[in-house]
Amino acid sequence: MILSNFFPLSKIRILATDIDLDAIEKAKQGIYLSRSVKDLPAEYLKKYFVRVGEETYKISDDIKKCVEFRQLNLLRDPYPKRMDLIVCRNVLIYFTEEAKSQIYIDFNRALADDGILFLGSTEQIIGANKYGFKPIYTFFYKKVQSI
């Protein structure tokens, strides 16, 4: 279900971060190959994308207005606050266990009360409760206490 079915796009804010400035610039373009959007329901493809080539689509300006892009180093930079959802997929596998522990603490502090952390399929939090999280579904963790 798309969030805009529940909230108008003007109320949705997405902070998209990466350490790599080139990755951020590419993401800002909002260009997707056909294979990347092939499983998207036709109604969403029509509503939120514009075909710009034989095999490419561009995300709509209405969606782009909801997204702020920012460089973020998970080990050094301050995290944003009161986030409802953090999606961190296939990143933590590159960190040591000690670094992951600090990142989990920082994620907890960045999330709003009852916020959700979504990790990639190769990642899971062992002992999630010590970081103030409770597993609620595969790869989804709910903040249950501030640490």
Side-chain angles (χ1 to χ4, degrees), residues 1-97 99-126 128 131-144:
M1 185 72 54
I2 298 290
L3 279 177
S4 65
N5 291 345
F6 301 102
F7 303 102
L9 282 177
S10 62
K11 299 286 185 188
I12 297 172
R13 295 287 171 252
I14 299 168
L15 175 61
T17 66
D18 200 293
I19 195 169
D20 183 343
L21 288 174
D22 290 334
I24 291 171
E25 286 306 312
K26 185 175 179 181
K28 282 181 181 180
Q29 293 174 14
I31 304 292
Y32 295 87
L33 294 175
S34 296
R35 70 174 181 258
S36 297
V37 297
K38 70 178 173 58
D39 294 328
L40 200 60
E43 65 184 283
Y44 297 142
L45 189 62
K46 182 178 179 183
K47 186 173 182 178
Y48 297 112
F49 290 85
V50 175
R51 189 176 204 128
V52 292
E54 183 74 24
E55 291 293 320
T56 54
Y57 289 84
K58 185 174 184 176
I59 200 154
S60 75
D61 288 339
D62 288 340
I63 298 289
K64 281 183 159 188
K65 290 176 191 172
C66 299
V67 183
E68 174 191 347
F69 293 91
R70 191 184 310 165
Q71 186 178 35
L72 180 75
N73 181 323
L74 291 173
L75 296 177
R76 280 198 318 239
D77 296 333
Y79 287 43
K81 300 294 182 202
R82 295 182 309 281
M83 304 298 287
D84 295 310
L85 172 68
I86 295 175
V87 178
C88 184
R89 297 191 65 238
N90 306 323
V91 173
L92 298 175
I93 57 175
Y94 299 106
F95 291 98
T96 65
E97 291 305 314
K100 286 181 196 179
S101 289
Q102 184 58 52
I103 290 169
Y104 297 146
I105 291 167
D106 291 337
F107 282 162
N108 177 287
R109 292 176 178 161
L111 282 166
D113 292 342
D114 295 326
I116 302 294
L117 172 61
F118 174 48
L119 299 177
S121 61
T122 60
E123 302 154 329
Q124 65 177 326
I125 304 176
I126 306 299
Y131 302 108
F133 292 110
K134 174 180 130 181
I136 56 171
Y137 194 74
T138 306
F139 314 118
F140 286 86
Y141 299 85
K142 181 178 183 178
K143 179 178 174 177
V144 291

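Note that these values count all heavy atoms, side chains included, but never hydrogens, waters or copies made by symmetry.
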Engineer: Taking all atoms of both residues into account, what is the closest heavy-atom pair of Leu92 and Lys100, and its distance?
Structural biologist: O-CE, 3.0 Å

Engineer: In a check of side chain to side chain contact (heavy atoms under 4.5 Å, CB included) between Tyr131 and each of Val144, Ile125, Ile126, Leu117, which one passes?
Structural biologist: Ile125

Engineer: I need the minimum non-hydrogen distance between Phe69 and Ala27, along with the two atoms involved.
Structural biologist: CE2-CB, 3.5 Å

Engineer: Got a sec: does the NZ of Lys28 have more than 12 other heavy atoms crowding it under 6.0 Å?
Structural biologist: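 Correct, the count exceeds 12.
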
Engineer: How close do Lys65 and Arg13 get, heavy atom to heavy atom, and via which atoms?
Structural biologist: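 Nearest pair, atom of Lys65 first, then Arg13: O-NH1, 4.0 Å.
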
Engineer: Looking at CG of Asp84 and CD1 of Ile116, how far apart are the two atoms once the value is rounded to the nearest 0.5 Å?
Structural biologist: 9.5 Å

Engineer: Within this structure, what is the OG-CG distance for the pair Ser60 and Leu9, rounded to the nearest 0.5 Å?
Structural biologist: 7.0 Å

Engineer: Could you tell me if the side chain of Phe49 sits less than 4.5 Å from the side chain of Ile63, heavy atoms only?
Structural biologist: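 Heavy-atom side-chain distance check fails, nothing below 4.5 Å.
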
Engineer: Say you draw a straight line from CG of Leu33 to CD of Glu54; how long is it, rounded to the nearest 0.5 Å?
Structural biologist: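 The CD atom of Glu54 is 12.5 Å from CG of Leu33, to the nearest 0.5 Å.
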
Engineer: Report the distance from atom CG of Leu119 to atom CZ of Arg89, rounding to the nearest 0.5 Å.
Structural biologist: 10.0 Å

Engineer: Which pair of heavy atoms, one from Tyr79 and one from Leu74, lies closest together, and at what distance?
Structural biologist: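 Where Tyr79 meets Leu74 most closely, the heavy atoms are OH-O, 2.7 Å.
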
Engineer: Is there a donor-acceptor pair under 3.5 Å between the side chain of Glu68 and the backbone N or O of Leu15?
Structural biologist: no

Engineer: Can you tell me how far the CG atom of Leu72 sits from the CG atom of Asp20, to the nearest 0.5 Å?
Structural biologist: 13.0 Å

Engineer: Identify the two heavy atoms, one from Ala110 and one from Pro80, that lie closest to each other, and give their separation to 0.1 Å.
Structural biologist: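 Where Ala110 meets Pro80 most closely, the heavy atoms are CB-O, 3.1 Å.
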
Engineer: Take Phe107 and Cys88 through the side chain to side chain contact (heavy atoms under 4.5 Å, CB included) test and state the conclusion after the steps.
Structural biologist: CA-CA 10 Å; Phe107 282 162; Cys88 184; 3.8 Å; yes

Engineer: Evaluate the criterion salt bridge (Lys or Arg N to Asp or Glu O under 4.0 Å) for residue pair Lys46 and Glu43; output intermediate values, then yes/no.
Structural biologist: CA-CA 5 Å; Lys46 182 178 179 183; Glu43 65 184 283; over 6 Å; no

Engineer: Report the C-alpha separation of Ile103 and Phe95 in whole Å, then their side-chain angles, then the decisive distance to 0.1 Å, and conclude whether the side chain to side chain contact (heavy atoms under 4.5 Å, CB included) test is met.
Structural biologist: CA-CA 9 Å; Ile103 290 169; Phe95 291 98; 4.0 Å; yes

Engineer: Parallel, tilted or perpendicular: which describes the rings of Phe140 and Phe118, with under 30° parallel and over 60° perpendicular?
Structural biologist: parallel

Engineer: Looking only at heavy atoms, what is the nearest atom pair of Asn73 and Asp77, with distance?
Structural biologist: N-OD2, 2.7 Å

Engineer: For the NZ atom on Lys58, are there more than 12 heavy atoms of other groups (residues, nucleotides or ligands in this structure) within a distance under 6.0 Å?
Structural biologist: no

Engineer: Begin from the C-alpha positions of Leu111 and Phe133 and carry the test side chain to side chain contact (heavy atoms under 4.5 Å, CB included) through to its verdict.
Structural biologist: CA-CA 11 Å; Leu111 282 166; Phe133 292 110; 3.5 Å; yes

Engineer: Evaluate side chain to side chain contact (heavy atoms under 4.5 Å, CB included) for Lys142 paired with Asp114, printing each intermediate quantity in order.
Structural biologist: CA-CA 6 Å; Lys142 181 178 183 178; Asp114 295 326; 3.3 Å; yes

Engineer: If I take atom CD from residue Glu123 and atom CD1 from residue Ile93, how far apart are they, to the nearest 0.5 angstrom?
Structural biologist: 6.0 Å

Engineer: Would you indicate whether Lys81, at its atom NZ, is surrounded by more than 12 heavy atoms from other residues, nucleotides or ligands within a distance under 6.0 Å?
Structural biologist: yes

